[in-house]
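Right, one structure below, let's go through it.
Just so it is clear, the values below take in all heavy atoms, side chains as well, and ignore hydrogens, waters and symmetry mates.
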Amino acid sequence: MAEVRIENLRKSFGAVEVLKDIDLTVEDGSFVVLVGPSGCGKSTLLRSIAGLEPVSGGTITIGGRKVNDLPPAQREIAMVFQSYALYPHMDVAANMGFGLRFARTPKAEIEARVAEAARILQLEPLLKRRPRELSGGQRQRVAIGRAIVRKPQVFLFDEPLSNLDAALRINTRVEIAKLHKLLAATIVYVTHDQVEAMTLADKIVVMNQGRIEQQGKPLDLYYRPANLFVAGFIGSPAMNFIAGQVTQGGIDLGPDGAVTLAGLTAAAVGSRVTLGIRPEHVRIADGEGGLRLSATVELVERLGEAGYVHLRLPSGTVAVAEIRGETSLRTGDRTSLALDPTHLHLFGPDGRRMV
Amino acid sequence: MRRHASAIAVHAILGLYTLLALFPIVLVVMNSFKAKRAIFNTPLRPPLPMNFDPVGYTKVFGDSSLPLYYLNSITVTVGTIFLTLLFGAMAAWALTEYKFRWNTLLALYLSVGIMVPIRLGSVAIIQLVAELNLINTLTALVLVYTAQNLPLAIFILSEFIAQIPRDLREAARCDGLSEYNIFFHIILPLIRPAMATVAVFTMIPVWNDLWFPLLLAPAGGKQTITLGVQQFLGQYITDWNAVLAALSTAIVPVLLLYVIFSRQLIRGLTSGAVK
Ligand SMILES: Nc1ncnc2c1ncn2[C@@H]1O[C@H](COP(=O)(O)OP(=O)(O)OP(=O)(O)O)[C@@H](O)[C@H]1O
Ligand SMILES: [Mg+2]
């Protein structure tokens with residue numbers, strides 16, 4: 001296994017700059033997840049690492065070796081495509097051993113490695129089948145198997161689970177986590193799924209419009225998002241944002257009221273800020289207080305044990321509060337919500353986190 | 001009810017067309033088994049014991065040069081199909097997969113070949129072939145036919161290659177295959193149906209052609225069967241028995257080739273690759 005180091009990576013398609021100054025280190029044996037909105041350049045970054053897309057600038061190093069000018073085959077990577085990309089005219093065993101055949105690996109060794117991968121992925125009964133005779137989940141496992149048998153330095157996954165149904169996704173996700181432990185593999189993984197990102201990653205990289213917005217441990221990103229974009233992107237339902245202005249000893253939220261807040265520097269007074277708070281840190285509570293805002297119930301979503309109440313503040317902003325257990329709230333009720341002061345996030349006019 | 005009626009109409013039209021298309025062939029085959037007098041007196045009557053006469057066939061098989069002409073035709077046709085498919089697929093792959101400077105221009109240049117009939121260049125072709133000392137060789141025919149068929153082959157195969165998912169080629173690249181191996185082990189197996197179609201389209205005009213054999217290989221034991229049949233067509237007397245028998249037997253090899261190729265016309269060869 002190896003470390004992947006990316007420095008000042010840039011990539012343009014014609015005049016469009018798709019990756020801008022990407023700096024990223026994937027430590028040896030770690031699991032890095034790339035997330036970001038559609039079109040932000042995740043696949044492009046992954047394909048650049050794989051060597052399927054020539055880069056416009058910067059360097060990519062895999063295991064201490066600069067690979068910018070090497071073709072995919074010599075980079076010792078294996079890529080698992082979202083579409084699986086199995087060779088339709090070969091059976092499962094041939095699909096998995098195909099790359100080795102051309103690397104002049106002895107036949108016995110190919111068979112041994114394919115058998116090993118098939119055992120790990122429970123594909124043994126399917127080895128003689130064609131891809132079209134497999135279910136989606138089985139195809140996905142074959143695609144992963146094809147990557148495993150080559151014993152690459154780095155695994156690259158591009159949304160490998162997005163074509164699977166919910167139950168299979170959870171299963172395969174657990175399988176991938178186990179596989180990571182078993183192979184001690186270095187993995188770069190692209191996903192749209194928050195849960196996948198949070199559960200699998202050693203490090204999450206949030207991308208937006210070709211830039212890295214923040215990278216760090218999943219919970220660090222969750223509890224200390226560096227900017228408004230990351231705050232809004234990580235977590236589901238998304239964080240609530242309320243616009244305001246810093247005053248002496250608190251924040252004026254305009255028609256929504258005001259909150260008292262210690263620890264604000266005097267220099268900040270007068271600046272426009274955004275207050276952020278996650279639904280789970282908002283409580284429904286009657287009465288008045290320094291961190292209470294009055295609101296009208298718009299919608300109550302009950303998911304069983306937990307639920308979400310959508311509340312409209314006087315300014316028109318909608319905030320979501322998580323509730324536990326039963327509630328008697330109904331649409332149109334007037335109530336007030338209490339913000340947990342230890343979990344308030346404050347973002348400055350430039351969108352960056354303020355301390 | 002209306003769908004039913006329109007289905008009947010479609011079948012009626014197709015059936016009529018089939019009859020029309022098959023009629024001359026049936027006529028040729030039927031009359032090839034008849035005596036000369038019966039051919040002229042009752043051309044539409046099927047061969048019956050009273051007018052049966054295999055004299056045409058005994059003449060054709062008795063003629064020592066005709067088997068050679070068959071072989072020539074088969075060599076030319078198979079050679080042309082092989083080269084057309086190989087170079088056609090390679091060129092189609094290059095034009096669809098690689099972005100290079102003259103890509104579009106080259107594709108356009110090739111498509112001109114579809115629009116301009118190659119016979120317009122006959123004089124130049126004869127000169128070229130003569131200069132290369134290829135007159136009266138099968139090589140000359142194979143080369144000319146390959147040139148004639150390549151443009152359409154490239155055009156059709158490009159469309160099919162473009163439909164092969166990009167991920168497949170890239171997976172193969174990650175698997176460490178060279179571009180040649182991707183072509184031979186991924187692309188070719190997946191465009192088999194398209195190649196069979198092209199082979200059928202190529203084969204029939206080549207097999208039936210009289211023009212280029214007449215110009216480029218009219219003698220020296222290099223005649224194709226269509227040309228060889230001409231020896232029975234004299235200026236004053238024509239041996240119709242032999243002509244019809246030779247034409248009837250000439251159907252067999254193409255029919256066999258067609259059966260072989262049509263077995264490759266399989267649907268959904270790429271299914272299971274993606275999603
Ligand atoms: N071959 C190409 N030519 C031109 N532009 C491209 C090409 N490939 C990608 N792009 C552009 O680059 C940007 C990033 O694409 P990319 O596929 O990396 O997005 P992504 O983050 O993977 O999105 P998704 O989550 O939808 O898969 C997009 O705006 C896309 O339109
Ligand atoms: Mg993508």
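- Side-chain contact check for B:Asn149 and B:Thr84: no donor-acceptor pair (N or O, by modelled atom type) lies under 3.5 Å.
- For the residue pair B:Asp175/A:Tyr87, the side-chain donor-acceptor check at 3.5 Å is satisfied.
- Ranked by heavy-atom pairs shorter than 4.5 Å toward chain A, the options B:Arg173, B:His185, B:Arg169 are led by B:His185.
- Looking at A:Arg130, neither its backbone nor its side chain comes within 4.5 Å of chain B, counting heavy atoms on both sides.
- Listed options A:Ala73, A:Ala147, A:Gly51 were ranked by heavy-atom pairs under 4.5 angstrom with chain B; first place goes to A:Ala73.
- The existence of a salt bridge linking A:Asp193 and A:Arg173 is excluded, since no basic side-chain nitrogen approaches an acidic carboxylate oxygen closer than 4.0 Å.
- Contacts of B:Arg166 with chain A are made by side-chain atoms alone, with heavy-atom separations under 4.5 Å and no backbone atom involved.
- Under the 4.0 Å criterion applied to side-chain N and carboxylate O atoms, A:Glu116 and A:Arg119 are assigned as salt-bridge partners.
- Neither the backbone nor the side chain of A:Arg75 comes within less than 4.5 Å of any heavy atom in chain B.
- The shortest side-chain heavy-atom distance between B:Gln264 and B:Met195 does not fall under the 4.5 Å cut-off.
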